[in-house]
Amino acid sequence: MRVHVLQLAYDDDEPVAARVERAAALVSGQRDADLVVLPELWAPTGMNYDLWTAHAESVDGPTVAAVAEAAKAIGAYVHAGSIVETAGPDAPPEARGPQGRGLWNTSVLIGPEGDTLATYRKVHRFGFASGEPQLMEAGEQLVTADLDLPDGRVRIGLATCYDIRFPEQFRRLLDAGAEVFVVPAAWPARRVAHWTLLGRARAVENQCTVVQCNTAGTHAGVAMGGHSQVVDGTGVVLAEAGDGEEVLVVDVDLDVTRRWRADFPVLADRRL
Ligand SMILES: NC(=O)CCC(=O)C(=O)O
């Protein structure tokens with residue numbers, strides 16, 4: 001499985017519309033990819049909370065549409081990262097979430113025909129007394145999706161950024177049949193050591209490949225961590241990005257992890 005991880009860098013000066021155009025063009029250039037991955041909230045920014053409401057959109061809005069067109073052009077699966085999803089001004093109360101905000105941090109998986117295959121609303125909201133917990137609803141469902149690739153079918157499990165700190169989510173994705181976890185992020189530089197460590201931990205403890213796509217650059221005064229990485233189920237870091245904008249192109253041999261699960265069947269010893 002050839003994975004292209006698009007570690008986008010951006011700052012406060014770039015208009016959102018320009019970034020959407022730039023990112024879609026970058027996706028269009030990934031012609032030999034099986035799966036392309038974009039970061040969390042790359043369009044409305046991961047940390048400039050003041051932009052979120054103004055740039056909230058539905059999952060068939062302009063950002064996803066632009067990425068979907070690029071996905072169709074290259075005939076690849078594209079994890080479009082996440083958007084600020086809005087329920088829309090006319091949504092009834094029951095469609096706006098328990099706190100009535102009608103906003104979610106929603107990632108979108110697009111198929112090679114440009115069709116939306118899955119959406120995942122981030123379960124664990126980051127920010128404590130600000131940001132997602134104050135502005136957004138929490139997702140309530142875990143999501144997996146099957147990719148039909150040249151070397152066979154693989155089930156991926158979806159998680160977003162802060163979710164990676166909660167191992168129970170990944171165990172449940174494992175139990176739902178996931179072999180690969182795809183994790184877009186807007187993870188700051190000051191905690192990037194946690195980002196890379198947690199990715200390796202989720203890979204080793206679940207014997208799953210972990211594809212992590214972070215943000216680079218500085219926006220809203222926050223230096224983002226970069227260091228996107230792909231870790232196979234044996235814990236080997238197949239590739240790791242640096243601090244700037246970068247595309248990781250990684251050939252993931254899923255059989256390596258499948259053989260490891262057979263050779264070291266630790267998961268069969270689970271008792272809880
Ligand atoms: N966007 C995020 O979820 C950031 C998470 C983070 O910075 C952390 O867990 O540390």
Side-chain angles (χ1 to χ4, degrees), residues 5-12 16 19 23 37-53 55-57 63 79-86 97 99 101 103-108 119-143 157-171 173 181-203 205 210-229 231 240-243 245:
V5 178
L6 309 189
Q7 179 171 289
L8 291 182
Y10 55 84
D11 60 25
D12 295 316
V16 169
R19 182 155 54 253
V37 186
L38 284 160
E40 176 187 29
L41 295 178
W42 57 270
T45 85
M47 292 290 162
N48 192 340
Y49 307 150
D50 294 340
L51 294 181
W52 285 358
T53 302
H55 292 281
E57 57 188 290
T63 298
H79 185 306
S82 70
I83 62 170
V84 177
E85 177 196 0
T86 176
Q99 295 169 293
R101 295 170 181 158
L103 292 180
W104 293 267
N105 183 340
T106 300
S107 59
V108 182
T119 60
Y120 163 65
R121 289 171 167 172
K122 186 178 180 181
V123 168
H124 301 91
R125 295 169 294 173
F126 178 74
F128 309 116
S130 64
E132 295 172 76
Q134 305 307 316
L135 298 173
M136 292 183 176
E137 300 290 335
E140 298 177 342
Q141 294 184 345
L142 297 186
V143 176
L158 304 186
T160 305
C161 205
Y162 189 50
D163 285 332
I164 207 168
R165 289 185 180 275
F166 302 88
E168 59 274 16
Q169 176 166 343
F170 292 76
R171 267 301 198 245
L173 289 169
F181 301 132
V182 182
V183 189
W187 196 287
R190 58 180 173 270
R191 293 186 298 276
V192 75
H194 293 186
W195 163 249
T196 51
L197 173 63
L198 288 163
R200 296 196 304 274
R202 298 296 85 85
E205 70 192 5
V210 179
V211 178
Q212 295 171 260
C213 181
N214 195 15
T215 303
T218 297
H219 65 276
V222 180
M224 305 310 291
H227 289 273
S228 300
Q229 63 178 7
V231 189
E240 182 177 352
D243 299 325
E245 180 148 311

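For ligands, and for the atoms within them, numbers begin at 1 and follow the listed sequence.
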Ligand 1 contact on Glu40 by region, counting heavy-atom pairs under 4.0 Å: side chain
Structural part of Met224 in contact with ligand 1, heavy atom criterion under 4.0 angstrom: neither
Side-chain donor-acceptor contact under 3.5 Å, Asn105 with Tyr162: no
Sub-4.0 Å atoms of ligand 1 with respect to non-hydrogen atoms of Ala186: 1 (N), 2 (C), 4 (C)
Min heavy-atom dist Gly46 to ligand 1 below 4.0 Å: no
Salt bridge flag under 4.0 Å for residues Arg121 and Glu137: no
Interatomic spacing from CD in Gln169 to CG in Leu158 - rounded to 0.5 Å: 9.5 Å
Nearest-neighbour protein heavy atom for atom 9 (O) of ligand 1, which is reported as residue plus atom name and distance: Arg165 NE, 2.6 Å
Distance-only side-chain donor-acceptor flag, Thr63 / Glu57, under 3.5 Å: yes
Parallel, tilted or perpendicular: ring planes of Phe128 versus Phe126, cut at 30 and 60 degrees: perpendicular
Heavy-atom nearest neighbour in the protein, as seen from atom 3 (O) of ligand 1, with distance rounded to 0.1 Å: Lys122 NZ, 2.8 Å
Residue portion contacting ligand 1 (non-hydrogen atoms closer than 4.0 Å) for Tyr162: both
Gap separating the CD atom of Glu240 from the CG atom of Asn214, nearest 0.5 angstrom: 10.5 Å
Nearest-neighbour protein heavy atom for atom 10 (O) of ligand 1, which is reported as residue plus atom name and distance: Arg191 NE, 2.5 Å
Any donor-acceptor N or O pair under 3.5 Å, side chains Asp163, His124: yes
Pro188 neighbourhood, listing ligand 1 atoms whose heavy-atom distance to it stays under 4.0 Å: 7 (O)
Atom 2 (C) of ligand 1 - nearest protein heavy atom and its distance: Cys161 SG, 2.9 Å
Within-shell test, Arg125 vs ligand 1, heavy atom, strictly < 4.0 Å: no
Interatomic spacing from NE2 in His227 to OG1 in Thr215 - rounded to 0.5 Å: 13.5 Å
